[in-house]
Enquirer: 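Mind looking over this structure? Questions follow.
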Amino acid sequence: AQSVTQLGSHVSVSEGALVLLRCNYSSSVPPYLFWYVQYPNQGLQLLLKYTTGATLVKGINGFEAEFKKSETSFHLTKPSAHMSDAAEYFCAVSEALSTGGFKTIFGAGTRLFVKA
Amino acid sequence: EPEVTQTPSHQVTQMGQEVILRCVPISNHLYFYWYRQILGQKVEFLVSFYNNEISEKSEIFDDQFSVERPDGSNFTLKIRSTKLEDSAMYFCASKPRWALTKANSPLHFGNGTRLTVT
């Protein structure tokens, strides 16, 4: 079974500072990885996804993530945090179903706080 | 942009009561999912549904749970006899037709139903 581990349930940064949210994956096959964001009282929205090809993936709102196979990591970064980035962020991996299709496995989430 | 809609946004029920959570997936989507998120915990997979049948379910999805697509547009999750530990946010999600063979297809989530069991 595939899984993702997010290091740090809470991360706090100052506005304008670098955002780094960590995710490590476990997969016996080439992984398909995602980052989702959840704003208060809303569902999850896709931030970015990695399939194959370029290891640096750019997403919405200035976020990007780098796939590093040697480190089994897919950390999410943003050069300069904005107050509106405060949310919960979930790393996720796609797992094949025996009946066809795929399901998404989520990490525990990291809550990002942005201080003024 | 099409959205997944869930109703109600918040439901309070007494322990032992039946609840039905409703979802209207995006109209041309064919794959449907329920996830739940207990307060402060991870988003957990409950069940996937395709071609009018369950394609996979998790250990959480026991005999107290059932899903149905009664009319070709709604997708419901029923909990027959709620327990206190069923209190959580329940998310419906869907994927389009082409997603069957695409591991990189993202989920489209609704805003969730917060279920509180007292």
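In what follows, chains are A, B, ... by sequence order, proteins preceding strands, each numbered from 1.
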Enquirer: Answer yes or no: is there a donor N or O on one side and an acceptor on the other, between the side chain of A:Tyr50 and the main chain of B:Asn104, under 3.5 Å?
Expert: no
Enquirer: Please flag which part of B:Gln6 lies under 4.5 Å from any non-hydrogen atom of chain A: side chain, backbone, both or neither.
Expert: neither
Enquirer: Is B:Tyr50 close to chain A through its backbone or its side chain, or both, or neither, when contacts mean heavy atoms under 4.5 Å?
Expert: neither
Enquirer: Against chain A, label B:Ser9 side chain, backbone, both or neither, depending on which of its atoms sit under 4.5 Å from a heavy atom there.
Expert: neither
Enquirer: Taking B:Phe32 as the starting point, is it possible to reach B:Leu107 by hopping between hydrophobic residues whose side chains are less than 4.5 Å apart?
Expert: no
Enquirer: Could you look at A:Tyr32 and say if it's the side chain, the backbone, both or neither that has a heavy atom under 4.5 Å from chain B?
Expert: side chain
Enquirer: Using heavy atoms and a sub-4.5 Å threshold, report which of residues 82-92 of chain B line up against chain A, by residue number.
Expert: B:Phe91
Enquirer: Among the clusters formed by ILVMFWY side chains lying less than 4.5 Å apart, do A:Tyr36 and A:Leu21 turn up in the same one?
Expert: no
Enquirer: Using the rule that two of Ile, Leu, Val, Met, Phe, Trp, Tyr join whenever any of their side-chain heavy atoms come within less than 4.5 Å, decide whether B:Val4 and B:Phe75 are in one cluster.
Expert: no
Enquirer: Identify which part of A:Lys103 has an atom lying under 4.5 Å from any heavy atom of chain B, answering side chain, backbone, both or neither.
Expert: both
Enquirer: Is it the backbone or the side chain of B:Lys95 that comes under 4.5 Å from a heavy atom of chain A, or both, or neither?
Expert: side chain
Enquirer: Consider only side-chain heavy atoms of I, L, V, M, F, W and Y, link residues closer than 4.5 Å, and tell whether A:Met83 and A:Leu18 are in one cluster.
Expert: no
Enquirer: Taking atom CZ of B:Arg69 as the centre, does the number of heavy atoms from other residues, nucleotides or ligands within less than 6.0 Å exceed 12?
Expert: yes
Enquirer: Working note: A:Phe102 + B:Tyr31, criterion side chain to side chain contact (heavy atoms under 4.5 Å, CB included); need CA distance, chi angles, decisive distance, verdict.
Expert: CA-CA 10 Å; A:Phe102 298 89; B:Tyr31 304 94; over 6 Å; no
Enquirer: Quick check: are there more than 12 heavy atoms from other residues, nucleotides or ligands sitting under 6.0 Å from CG of A:Leu56?
Expert: yes
Enquirer: Under 4.5 Å between side-chain heavy atoms, hopping through other hydrophobics if needed: is there a path connecting A:Val57 to A:Phe34?
Expert: no
Enquirer: Sub-4.5 Å heavy-atom contacts with chain A: which residues of residues 53-68 of chain B show up?
Expert: B:Ser55, B:Glu56
Enquirer: Can you list the residues of residues 41-48 of chain B that sit under 4.5 Å from chain A, counting heavy atoms only?
Expert: B:Gln41, B:Lys42, B:Val43, B:Phe45, B:Ser48
Enquirer: Would you mind checking which part of A:Gln38 comes under 4.5 Å of any heavy atom in chain B, side chain (CB onward), backbone (N, CA, C, O), both or neither?
Expert: side chain
Enquirer: Holding to side chain to side chain donor-acceptor pair (under 3.5 Å), I want the full list of residues that pass it with A:Arg111, two or more places apart in sequence or in another chain.
Expert: A:Glu88
Enquirer: Taking the side chain as every heavy atom from C-beta outward, state whether B:Asn111 and A:Tyr39 have any pair of such atoms under 4.5 Å apart.
Expert: no
Enquirer: Minimum heavy-atom separation for B:Ala103 and A:Ser94, please, with both atom names.
Expert: O-OG, 2.8 Å
Enquirer: Hey, are the side chains of B:Tyr33 and A:Thr104 touching, using non-hydrogen atoms and a 4.5 Å cut-off?
Expert: no
Enquirer: What part of A:Leu46 gets within 4.5 angstrom of chain B, counting heavy atoms only: side chain, backbone, both, or neither?
Expert: side chain
